[in-house]
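I have placed the structure first, in the form of structure tokens, so that the comments after it can refer back to it.
Lettering of chains follows the sequences in order, A, B, ..., and the numbering in each one begins at 1.
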Protein chains: 2
Amino acid sequence: MSVTIKDVARRAGVSPSTVSRVISKHPRISKETAERVTRVMEELGYHPNSMAKGLVSKATYILGVILPRPAEELFQNYFFHEVLRGILAQANRSGYDLLIASGSSESDELETVKRLVRGRRVDGIILLSSKTKDPLIHFLNEVGFPFVIIGRSPDFPDAPTVDNDNVQAAYDATRHLINQGHERIGFVSGPQELTVSQDRLTGYRQAMLEAGLSISEDWIVEGEFLQETGYRAMSMLMNLPERPTALVVIDDIVAFGVLHGLNELGYSVPQDMCLVGFNNISLSEHTSPPLTSVDIGTYQIGYMTAQTLIKTISKEPLHQTRKIIPHRLIVRGSSVK
Amino acid sequence: MSVTIKDVARRAGVSPSTVSRVISKHPRISKETAERVTRVMEELGYHPNSMAKGLVSKATYILGVILPRPAEELFQNYFFHEVLRGILAQANRSGYDLLIASGSSESDELETVKRLVRGRRVDGIILLSSKTKDPLIHFLNEVGFPFVIIGRSPDFPDAPTVDNDNVQAAYDATRHLINQGHERIGFVSGPQELTVSQDRLTGYRQAMLEAGLSISEDWIVEGEFLQETGYRAMSMLMNLPERPTALVVIDDIVAFGVLHGLNELGYSVPQDMCLVGFNNISLSEHTSPPLTSVDIGTYQIGYMTAQTLIKTISKEPLHQTRKIIPHRLIVRGSSVK
DNA sequence: CTGAAAGCGCTTACAG
DNA sequence: CTGAAAGCGCTTACAG
């Protein structure tokens with residue numbers, strides 16, 4: 001069997017209590033004892049049993065990450081992988097492990113969260129996307145369990161969140177196209193219930209309005225965060241009598257689909273259509289032409305989210321419950337003629 | 001505080017033992033008692049404390065996934081995300097959660113694994129990539145802890161693995177190009193210590209040899225699983241006096257870099273160069289031209305890996321310790337003129 | 001500075 | 001079919 005604290009104690013000639021104190025670096029322990037115990041622990045390859053430790057200290061040092069529900073689909077979105085990297089990096093740095101979970105349906109997802117929370121399987125929870133009327137947020141808020149949302153929650157404005165200023169980001173993207181002389185600009189959006197879709201659409205509308213440009217509702221297409229969405233949108237958009245000359249696209253992945261769709265229809269970018277995407281994923285500089293994209297600091301979002309959650313868990317005061325990660329427009333060939 | 005088994009017991013008028021038996025669906029429990037206890041559990045929103053349960057049953061129902069070490073880089077490889085989806089799906093289906101961990105250096109990584117194993121934090125471990133002389137495998141093998149490797153381990157041939165027949169896969173890819181009439185075929189490889197690189201190179205060489213075609217060592221380039229690798233390789237390869245007319249590329253991501261590099265140098269695919277990649281990631285059908293790729297059943301690899309690990313944990317006999325997931329060449333525009 | 005004892009929330013032989 | 005008791009491997013007041 002495994003080495004326990006008793007084995008270490010016996011071998012070091014001290015009590016289990018003392019070994020425990022050495023592990024937790026209790027101040028009132030003599031240097032000699034500490035050293036001897038430490039040596040024995042290494043000799044025996046001792047590691048504290050995480051469950052016994054967790055049972056008494058009521059902490060698991062595990063952060064739970066809930067993948068967005070239609071996980072099978074959305075997990076294809078490279079945003080999540082980058083965000084996960086950021087979360088993992090910060091979690092590890094602070095001595096936390098990551099547990100990832102998902103649900104196959106909305107109720108299944110809620111069940112999973114309840115199990116994680118009530119079963120004390122994790123110390124806190126990260127929600128990777130935010131939408132309106134989310135029962136998970138409702139539950140977490142009600143039971144007062146530590147959690148952080150990536151995005152924002154219109155229904156629970158006090159919940160800790162890490163987000164971009166998506167209204168401004170889309171405004172900037174649209175403004176960039178207006179500056180290039182475009183007047184007919186469309187918007188390819190994501191699922192309507194997601195706040196990120198709502199906010200970017202708002203920013204787009206604002207920029208257009210402010211520039212005195214009118215929007216045809218035909219220019220606004222809604223879909224999933226998949227290439228398919230962009231691909232299909234093109235056969236529709238390009239058939240319009242008055243089609244747009246530029247598009248703001250909610251996600252680089254979708255923009256790849258747009259690029260492919262245009263290509264197949266015989267149009268070229270940026271001559272026939274200019275494009276701006278979001279997320280600036282690593283592939284974006286390797287398309288032809290390279291894709292102009294709003295870098296939203298995805299890794300940093302993950303990093304900051306983990307940091308915020310860990311602070312919440314340790315009951316450190318948050319300077320601000322709603323953190324905003326800065327964005328930056330990266331101009332490449334797809335948007336300048 | 002949380003609801004415990006005692007609270008349920010009191011409210012249901014039974015002993016904690018009985019509640020415990022109801023939870024674990026012990027056969028010798030009267031129907032009435034079981035129903036009453038179940039009702040009370042629901043009323044109280046009771047969920048068993050995972051740590052208390054784990055402490056006594058010595059099982060966590062958590063699978064540990066170790067991300068390849070230069071995680072910051074390799075985690076960009078979309079292979080891992082797809083594989084993770086497969087692992088997650090099967091794990092959830094069997095009542096397991098997933099813990100993901102990584103290390104910043106080789107020794108840090110080993111420390112992490114030791115902590116997970118000796119601290120009983122997980123019930124088994126999945127290694128997402130396989131290389132020669134891996135200290136992790138050495139450790140896991142030595143302590144007899146359940147683990148499964150994605151790939152294969154030349155040093156520990158008896159270790160349970162899930163892999164493709166990468167020799168055959170690369171053979172097929174090369175053969176496809178030979179069938180198109182190519183005689184000068186190059187190979188853009190990944191890190192040399194990875195078995196997947198070694199195997200695919202072997203398959204490529206075999207196909208060439210068998211077809212009586214000679215290989216110039218200049219045609220074999222080695223790099224990381226990044227677009228950069230493919231991108232940079234092109235400026236080199238295209239400057240050769242006798243340059244290849246087709247390339248087998250270790251990973252679609254790298255092939256995207258190749259595509260971009262060729263584009264920028266003014267060459268077009270498939271006219272000037274034919275390409276075959278591996279992994280068939282979702283983007284591959286949306287490049288211009290769409291990329292021919294060997295579909296290696298990435299999701300299925302993950303799925304099967306989790307299944308194998310869970311069997312190992314439950315001490316079910318494995319029919320075969322080395323599972324092979326079938327591959328399939330998906331021919332698209334990048335390899336046929 | 002260190003030890004003995006109680007307890008975290010479960011499970012599981014052992015009785016009955 | 002059900003309960004009392006011991007124990008999983010730790011931590012932490014309470015003494016000394």
Whole-Å distance, B/R120 CZ to D/dC8 C1', equals 12 Å
Re D/dA13: Watson-Crick or G-U wobble partner, both distances kept under 3.5 Å, found to be none
Atom pair CD1/CG of B/I301 and B/L128 - distance to nearest 0.5 Å: 10.5 Å
Could you tell me the separation between the CZ atom of B/R21 and the P atom of C/dT11, rounded to a whole number of Å? 10 Å
Do side-chain atoms of A/S24 reach the backbone of A/S20 as a donor and acceptor pair under 3.5 angstrom? yes
Candidate nucleotides D/dG9, C/dC10, D/dT2, ranked by approach to the side chain of B/K53 - the nearest: C/dC10
Within residues 30-47 of chain B, residues whose heavy atoms come under 4.0 Å of DNA chain D: B/S30, B/T33
Take atom CG of A/D7 and atom C1' of D/dG9, then tell me their distance rounded to the nearest Å. 11 Å
Side-chain donor-acceptor pair under 3.5 Å between B/T60 and B/R121, yes or no? no
Please determine if a side-chain N or O atom of A/T18 lies less than 4.0 Å away from the OP1 or OP2 oxygen of C/dG3. yes
Of the listed D/dG7, D/dC10, D/dA4, the closest approach to the B/V56 side chain comes from D/dG7
Are B/K58 and D/dG9 close enough that a side-chain N or O sits under 4.0 Å from OP1 or OP2? yes
Take the protein atom CZ of B/R10 and the nucleotide atom P of D/dT2, then report the distance between them rounded to whole Å. 19 Å
Regarding the side chain of B/T4, the nearest nucleotide among D/dT2, C/dG9, C/dG3 is C/dG9
With respect to the side chain of B/I5, which nucleotide from D/dC10, C/dT11, D/dA13 is positioned closest? C/dT11
So the salt bridge (charged side-chain N to carboxylate O under 4.0 Å, His left out) pairs with at least one residue in residues 143-152 of chain B (sequence neighbours excluded) are B/R152-B/D199
Short side-chain donor-acceptor distance under 3.5 Å, A/Q90 and A/Y303: yes
Earlier contact from the 5' end, DNA chain D, for B/A52 and B/I29: B/I29
Check every atom of C/dG9, D/dC10, D/dG3 against the side chain of B/N49 and return the nucleotide holding the closest atom. C/dG9
Is a donor from one side chain sitting under 3.5 angstrom from an acceptor on the other, for A/S30 and A/T33? yes
What nucleic acid atoms does B/L55 come within less than 4.0 Å of, heavy atoms only: base, sugar-phosphate, or nothing? base
Is there a donor in the side chain of B/S153 and an acceptor in the side chain of B/S130, or the other way round, less than 3.5 Å apart? no
Could you tell me the separation between the NE2 atom of B/H26 and the C1' atom of D/dG3, rounded to a whole number of Å? 13 Å
When you measure from the side chain of B/S17, which nucleotide among C/dG9, D/dG3, C/dG3 comes out closest? D/dG3
Side-chain N,O (B/K6) to OP1/OP2 (C/dC10) below 4.0 Å: no
